[in-house]
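So the structure is just underneath, and the comments pick up after that.
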Amino acid sequence: MKSPVRVAVTGAAGQIGYSLLFRIASGEMLGKDQPVILQMLELPMEKAQAALKGVMMELEDCAFPLLAGMVGTDDAEVAFKDADIALLVGARPRGPGMERKDLLLENAKIFTAQGAALNKVASRDVKVLVVGNPANTNAYIAMKSAPDLPAKNFTAMLRLDHNRALSQLASKAGVPIGDIRKLVVWGNHSPTMYPDYRFATANGESLKDKVNDADWNANEFIPQVGKRGAAIIEARGLSSAASAANAAIDHIRDWVLGSNGEWVTMGVPSDGSYGIPEGIIYGVPVITEGGEYKRVEGLEIDAFSRERMDRTLAELEEEREGVAHLL
Ligand SMILES: NC(=O)c1ccc[n+]([C@@H]2O[C@H](COP(=O)([O-])OP(=O)(O)OC[C@H]3O[C@@H](n4cnc5c(N)ncnc54)[C@H](O)[C@@H]3O)[C@@H](O)[C@H]2O)c1
Ligand SMILES: O=C(O)C[C@H](O)C(=O)O
C-alpha cells in the first residue's frame, strides 16, 4: 500500500468543492491505488464551518477505502500543513453581469494570506493549482507570497478552457473528442484567452486544414470558448462547478501521473518564451511526465496569433499592476 498523499482543498464547502472532494477520495485524481488525506479549509464563519462539517459527514458515509484521513479547519496553516497538493478553490465567484476583473481586489487578499501559509507549512514540493478567479493573477499572488517555494509549483487552471475548446472543435470537425491532439489555450482564464487549434490533429490529420474556416475560428470558436463561463452563469444563475471540478482533476492527474506525451494546457509562470515576460502566469501547452511539466517549445506564432496572445498578455499585465501594492 502506498503512503497517503495530503491534498488540501480550500473553499471545500462550496459548489466546486462539492463536486471535487468525492472524486479525489474515490481515486479519480491520483489513482485507484493512492490513499489520500483531505485537508479542507473554509471560512471561519458558523455557516461555512457547518456546511464543511456536513460535507465531511457525507465523505465519511461514502466509506471510501482510499480516504486515509480528513481535516476540516478555518486555519490555512492547518489545512496546508505538509500538503503535497493544494487546490485553491475558495474565493468569491462571479455573478451574472460581473467581469472577472470585478473580483480582482476582493479575492487578491485571500491569495496573499494563503501563499504565505503555504510558504510556511506546506511540503517543499507542493503542487498548487489555483481555481479561484481571477485564477492566473491569484496564482501569481500566491507564488509571490511564497518566496521559499519554487515558482514552478504554482499553476492556474486553464484546463476547463482547454476541455471546452476540445468539445467545440470536435463538434465542428466531426471527430471524436478523444482523437484530438495538440490543442492549446494561451493566456488568461478570461474572455481574452486564445484557444489555438492551428496545430491540432485527429488521427494525424490537421484539423485546421479539415475545418478550413477562418471566419468560424475568429467569430465563433474563439469567442465562444472565451465566453463560455459567462454563458453557464447566464443559464444556471451560478458559475460552472462540476465541469470546473472535472478540469481540476484532469490538471492534477496529468501533472502527477503524466500526460503520456500529449499536450495539455496549464497556466504556469512564464520562462520568457513566446514573448511572455518571465513570471506572468500564462496558459501554454505542456507535456507532463514524472511529476513535472515541460513547455512545448518552438511553435510558430503567426501574426493573428501574436495579436491574440499579446491582447491576453496585456490584460494579465494590467491585473498584475492592479495587485502590485499587495505584494
Ligand atoms: N479557473 C476556472 O476555470 C474556474 C471555473 C469555475 C469557477 N472558478 C472560480 O472558483 C471559485 C469558487 O467557485 P464556487 O462556485 O465553488 O464558489 P462557491 O461560492 O460555491 O464556493 C466558494 C467557497 O469558498 C469559501 N471561501 C471563500 N473565501 C475563502 C477563504 N479565504 N478560505 C477558504 N474558503 C473560502 C466560501 O465560503 C465558499 O464555500 C470562484 O472564484 C469561481 O469564479 C474558476
Ligand atoms: O466564468 C466564471 O466566472 C466562472 C469560471 O471561471 C468559468 O469559466 O466557468
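Both counts, for ligands and for their atoms, begin at 1 and track the order of listing.
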### Message
I need the contact type for Asp161 against ligand 2. Using non-hydrogen atoms and a strict under-4.0 Å cut-off, is it side chain, backbone, both or neither?
### Response
neither
#### Entry: Distance-only side-chain donor-acceptor flag, Asp125 / Ser123, under 3.5 Å
no
### Task
Please work out whether any backbone atom (N, CA, C, O) or any side-chain heavy atom from C-beta onward of Arg228 is under 4.0 Å from ligand 2, and answer side chain, backbone, both or neither.
neither
Show me the short polar-atom pairs for ligand 1: any N or O of it lying under 3.5 Å from a protein N or O, with distances only.
{"unit_1": "ligand 1", "atom_1": "1 (N)", "unit_2": "Val131", "atom_2": "O", "d": "3.2"}
{"unit_1": "ligand 1", "atom_1": "3 (O)", "unit_2": "His189", "atom_2": "NE2", "d": "3.2"}
{"unit_1": "ligand 1", "atom_1": "8 (N)", "unit_2": "Asn133", "atom_2": "ND2", "d": "3.4"}
{"unit_1": "ligand 1", "atom_1": "15 (O)", "unit_2": "Gln15", "atom_2": "NE2", "d": "2.8"}
{"unit_1": "ligand 1", "atom_1": "16 (O)", "unit_2": "Gln15", "atom_2": "N", "d": "3.4"}
{"unit_1": "ligand 1", "atom_1": "16 (O)", "unit_2": "Ile16", "atom_2": "N", "d": "2.9"}
{"unit_1": "ligand 1", "atom_1": "20 (O)", "unit_2": "Gln15", "atom_2": "N", "d": "2.9"}
{"unit_1": "ligand 1", "atom_1": "32 (N)", "unit_2": "Gln114", "atom_2": "NE2", "d": "3.3"}
{"unit_1": "ligand 1", "atom_1": "34 (N)", "unit_2": "Gly11", "atom_2": "N", "d": "3.4"}
{"unit_1": "ligand 1", "atom_1": "37 (O)", "unit_2": "Glu42", "atom_2": "OE1", "d": "2.7"}
{"unit_1": "ligand 1", "atom_1": "39 (O)", "unit_2": "Gly14", "atom_2": "N", "d": "3.4"}
{"unit_1": "ligand 1", "atom_1": "39 (O)", "unit_2": "Glu42", "atom_2": "OE1", "d": "3.4"}
{"unit_1": "ligand 1", "atom_1": "39 (O)", "unit_2": "Glu42", "atom_2": "OE2", "d": "2.6"}
{"unit_1": "ligand 1", "atom_1": "41 (O)", "unit_2": "Arg92", "atom_2": "O", "d": "3.1"}
{"unit_1": "ligand 1", "atom_1": "41 (O)", "unit_2": "Asn133", "atom_2": "N", "d": "3.0"}
{"unit_1": "ligand 1", "atom_1": "43 (O)", "unit_2": "Asn133", "atom_2": "ND2", "d": "2.8"}

### Message
Please identify which of these residues, Glu319, Arg320, Glu315, meets the side chain to side chain donor-acceptor pair (under 3.5 Å) condition with Thr137.
### Response
Glu319
### Message
I'd like to know if Lys152 and Glu292 make a salt bridge, using a cut-off of under 4.0 Å between side-chain N and carboxylate O.
### Response
yes
#### Entry: Minimum heavy-atom distance Ile16-Ala244, with the two atoms named
CD1-CB, 3.8 Å
### Query
Got a sec: does the CD of Glu234 have more than 12 other heavy atoms crowding it under 6.0 Å?
no
#### Entry: Nearest-option assignment for atom 8 (O) of ligand 2, heavy atoms, candidates Arg236, Arg164, Lys227
Arg164
### Task
Considering only NZ, NE, NH1 and NH2 on the basic side and carboxylate oxygens on the acidic side, decide whether Lys294 and Glu289 come within less than 4.0 Å.
no
### Task
Please determine which of Trp186, Tyr274, Tyr194 meets the side chain to side chain donor-acceptor pair (under 3.5 Å) test together with Ser305.
Tyr194
### Task
Answer yes or no: is there an ion pair linking Arg198 with Asp302, defined by an N-O contact shorter than 4.0 Å?
yes
### Message
Side chains of Asn133 and Asn138: any donor to acceptor distance under 3.5 Å?
### Response
no
### Proximal atoms of ligand 2 relative to Ser240 (non-hydrogen, under 4.0 Å)
7 (C), 9 (O)
### Query
Is Asp148 paired with Arg124 through a side-chain N to carboxylate O contact shorter than 4.0 Å?
no
### Message
Check for me whether Ile232 has a heavy atom closer than 4.0 Å to any atom of ligand 2.
### Response
no
### Query
Hey, which atoms in ligand 2 end up nearer than 4.0 Å to a heavy atom of Gly229?
1 (O), 7 (C), 8 (O), 9 (O)
### Task
Give the contacting part of Met193 toward ligand 2: side chain, backbone, both or neither, where contact means a heavy-atom distance below 4.0 Å.
neither
### Task
Show which atoms of ligand 2 fall inside a sub-4.0 Å distance from at least one heavy-atom site of His189.
5 (C), 6 (O), 7 (C), 8 (O)
### Query
Short list, please: which atoms of ligand 2 are under 4.0 Å from a heavy atom of Ser239?
4 (C)
### Summary
Note: ligand 2 atoms sitting under 4.0 Å from heavy atoms of Ile233 are 2 (C), 3 (O)
### Task
Go through the structure and list residues passing side chain to side chain contact (heavy atoms under 4.5 Å, CB included) with Lys120, not counting sequence neighbours.
Glu77
